[in-house]
Amino acid sequence: MDLTAVDSLRIARTPGDLVLAPGEAWLAGGSWLFSEPQPETTGLVDLMGLGWTPVEELPGGGLRVAATCTIAELSAAAPSLARAAAPLLEACCRALLGSFKVWNVATVGGNLANSLPAGPMISLGVALDGELDVWGPDDAERRIPVADFVTGVNANVLAPGEVIRALDIPAHALDARPAMRKTSLLAIGRSSALVTGRLDADGATTIGVTAATSRPEVLRFAALPDADVLEAALDGIGTWFDDPHGTADWREGITRVLAREVVAELGDPDAAFVDGTAVRP
Amino acid sequence: MRADVDGSPLEADAAPGQVLRTWLREAGVHSVKKGCDAGDCGACSVLVDGEAVHSCILPAHRADGRTVTTAAGLGDPDDLSDVQRCFTDAAGFQCGFCTAGFVVTASSDTVRGAAPEDLPRLLKGNLCRCTGYRAIGDALAGVVNVERPQGGEASFGRSLPAPAAERIVSGREPYTFDLTTRGLAHLVVVRSTEPHARILGIDTAAAEAVPGVLAVLTHRDSPATPFSTARHEHREDDPDDSLVLDPVVRFVGQRVAAVVAETAAAADRAARLVRVTYEPLPAVFDPEDARRPGTPLLHGEKPADSRIADPARNVVAEVHGEVGDVEAGFADAVAGGGAVVEGEWRTQRVNHVHLETKGARGWLDDAGRLVIRTSSQVPYLVRDELAHVFGLDRDAVRVFTARVGGGFGGKQELLTEDLVALAVLRTGRPVQYEVSRQEEFAAMPTRHPFRVRVRAGAGPDGALTALAVDVLSDAGAYGNHSVGVMFHGCSESMEVYRVPNKRVDAAAVYTNHVPSGAFRGYGLGQLIFAIESALDELARKVGVDPVEFRRRNVVVPGDALVSWAVHDDDLGLDFGGPRAYGLDQCLDLVEDALDTLPDAPAPGTPVPAVDDPTWRRGRGMAVAMIATMPPRGHLADVSITLDASGACTLDVGTAEFGNGTTTVHRQVASSVLGLAPDQIRIRQSDTDVVGYDTGAFGSAGSVVAGKAVELAALRLRERVLALAADELGEDASALTLSPGGVVRPDGDVIPFGLLLAGAGVERLSADADHRGTPRSLAFNVHGFRVAVSTETGEVRVLASVQAADAGTVINPEQLRGQIEGGVAQALGTALSEEIAISPENGAPTTTTLRTYRVPQFADVPPTAVRFADTYDELGVRGAKSMSEAPYNPVAPALANAVRDAIGVRPHELPMSRDRIWRLLRTPPPGPPVE
């Protein structure tokens, strides 16, 4: 929709342009920004002019996904990565509520910065120990683990004027075995619960819970957890929440089901990666 | 900025916060539709350098220097693209408002190259509210569903495509806002933030100072004449409790002021600067509380002639009536070894989600007449009420519609035209008010939430002994359609059962909620959900199969219609003649289909393994009856004219909003006249076209207007033949009509032009009308087989069948589409859709499509459609209405299937996964608790 309070538009070309004047907001893909009235926003600074490379392989085997990388670009890059975790990238793209037409504009950074519980790039970052490279005013730069980035519904640790430069995924996570399940109130709807799993080479297991909780929850195990250990860890989660996408008790209940399935898949060396966004069998 | 749009360069300024959709539409590129304005529905889809995007969320500047392709750039009506041709051949649309976006999306490389199993995922960004998606899936698969009879071959009974098909698929069909008006001003509404308050002051100074603002209208500018937003044949049917702008607000979201400005953006900015001071008044949100003594009154000051049943108790309407003695009937059931069941059911607020939002554009014509182009199902009723409210002669007002982008009852109201009229009369300027999708959720009427208590008793043989309902509906802050919805809701739902003892206690009450209004089914769906659920439980208790239980208890020809009283008006089971009754056939058809249909869930959804203990299986069914026409008269004037070229102009008053009446009218007229369908040109839904038409509601388009079309065509045929007989010296009975002219017994065809010239006339005309009485009854029976997940609460439809008693089937593909669409809309109501309400101030908190959950392509299972073989002598050539009816039996049939599967009965809608999951945990999961 038209943002009728907006009077100005600047297209950022260099890092020096990344200073917000009062009333200005960052514009990346715009798929969320233009989907709701923004009466407080009087100016836009378009990040897409910075020309950041969408996906770069880092020295040491990590991966840098630019904040301005679109979901479509991430999805297109995943198959050619030839890394164990690559299927999770595509699955998290598919977990986006928006259609493939939204993929063509929505960005990884925008999804993170929006910090909705169902934001699938948050799920991805949490699953793969992702870190955010955040740029602040006056050339300040800091790194924030995705697991610590989102603090609540539509809330995160970004300070005014800060902008996400990239999501960095470390090599060890890319080489680990992933699994993922999600459930929604429709067959292919907004995630009500999304559980990711990662089995590292040394057996360490990371379970990420997003969408069902008001902020990401990360459960870490030295080895693949058995049922009791998993349930006990899930018992420790206190951020189940109610919203139009489901009640808290239901979300907790289905998260437990999904988490068991994720662990079972990781524990079966012969199991293929299941697209957890597909309708459950 | 500059872009290549559909092959032509387009250069125009783009405002900094403007999206591509607005930039295109402001330049007259109307093939891009505005559906949700938020990237959810896909009606605005375009290709930018070949990539599909939602143009409503793409900042306009992103398309600078690029190539933009809309549906109009993919092909034109005379030269359709292959995808566009597939949509016409499959009949892959109804109202067609979503179609341009579907066609663009389907034309993208992503979808063209996709495997069929990827379609559910790829189409999640395209919503269709009319079809239920089956026909769209057919279009994508290249299935041909329409027939194109050649020459004078009768098209009646054949699957003729919609006359507008080629224009719709190529983005050329103009909807309400798809025209360019010079000097158009825009109206934006300031809405109440209080649930109940007296307006103390409205400071408009800052708003008026915004450049481009023409007027800020408040209650000080409002006509004093009260009216009802509900529109009916008789304006006295609805309470006069509303004003164009009211000094008292009674719900959050009510109109407080209207800003008129040169641009929509300026009006929007100015609207945010209007300062309103309120004196808050106590509010009531619980309908149960609303009638209690001491509760705040919403319309306590209204006079008796406002036709509110009891303003001193917040009661808009009520009825109490008993036939026989229900208490004796319940006692008989128990004493005889039968059973009595009792329960309470609740339905939620549902939004129509017609893809075209409401809205109107008005101006003064050269003669100074007020002209309103509006997205309405009832242009004549809108004209009459505007004349009443503004003190104008009817002749001083013209109201018309273009093709309307869906309605479902939501546009049987006066919700935008009054403000536009006020703004036009005040400013002298052409003014448009286009309702936003957020306003549709936050401020426009919804389906009535109902609380229905049912008691039902039957003997051990399953014969009903008594049936009683206690009904409470939440009217919201204004009476609107609440009277009619309450009475209609308690009518056919009760009348379909032959029970010696019946009782109805019903009321509709005011609360400080957004008003409830007309919605497909008009109250019947809510009652049928409760009654069919209760009777299913009763059948279980007495151990009779649910289909057999219906056979024993439903009305049959010869029976009277009884609800709170014995109804012996113009509606009856026998009025349609000896072949009009089809409920028995519908029951047989559904019973057979439930036994024989293979499992067929929604596209992309697997069938759970039969031995999977986490899925419970069940089946259920429900019946629905509905009158074939609205009560108390429904009028349609029709005129038809044959000219020398052999073309016929058919003038009808009723509106086309995806109901398919235009196709039906063309089929009826061409078949009566022996002409080819495309010789019939239809002008419609314009108060200048014919004398009068009550409108497109109560499924009247085919049976009322269609019957008038048949009468007019028969009269015209008679005139043409008489004229030809006279000129040719033949007996009229020896002559027939053909597309080329009158056919003599020897086979010679005399062109119409020659005949007319010979008689010295340029054309021949005939008029007819229909008054919508007497009336007959139509039936729908739905059946489901389901699997329910004990882990997630998901209700998965494995088989779905609806049997319809539609009389003669005029257009099989179109009727099938109507039924499938009604089923899909009902599945949304049954499973996922819900407008949540803030407990603090009663305001809807569901204000976007993405939180409302309209069924997507992936959510709708195929429904097998079966037709009863019946003939209604009151309908057009034996046909009955079948537009809103298919919606009604779906939710209870599904609830009954869920009950069968999990042993626990759902009592409220929607049966969302979280609710079913909770039901499964109320008693611990285990075998059915019989």
### Task
Identify the heavy atoms of B/R850 and A/H245 that sit nearest to each other, and give their distance.
O-CE1, 3.7 Å
[X] versus chain B, heavy atoms under 4.5 Å apart: side chain, backbone, both or neither?
X: A/R280; result: both
X: A/S184; result: backbone
X: A/V102; result: both
X: A/I11; result: side chain
X: A/T247; result: both
X: A/L186; result: both

Among [options], residue most engaged with chain A (heavy-atom pairs, under 4.5 Å):
options: B/Q18, B/R796, B/E834; answer: B/R796
options: B/E791, B/R62, B/Q438, B/Q856; answer: B/R62
options: B/R21, B/R269, B/E51; answer: B/R269
options: B/P59, B/S45, B/A858, B/A266; answer: B/P59

#### Entry: Working for side-chain hydrogen bond (donor to acceptor under 3.5 Å, both in side chains), residues A/S31 and B/H54
CA-CA 9 Å; A/S31 56; B/H54 298 256; over 6 Å; no
### Task
In plain terms, say whether B/D914 and A/R251 are close enough for a salt bridge, that is, a side-chain N and a carboxylate O under 4.0 Å apart.
no
### Message
Is there a side-chain hydrogen bond (donor to acceptor under 3.5 Å, both in side chains) between B/R272 and A/T4? Walk through the geometry before answering.
### Response
CA-CA 11 Å; B/R272 287 197 288 270; A/T4 57; 3.1 Å; yes
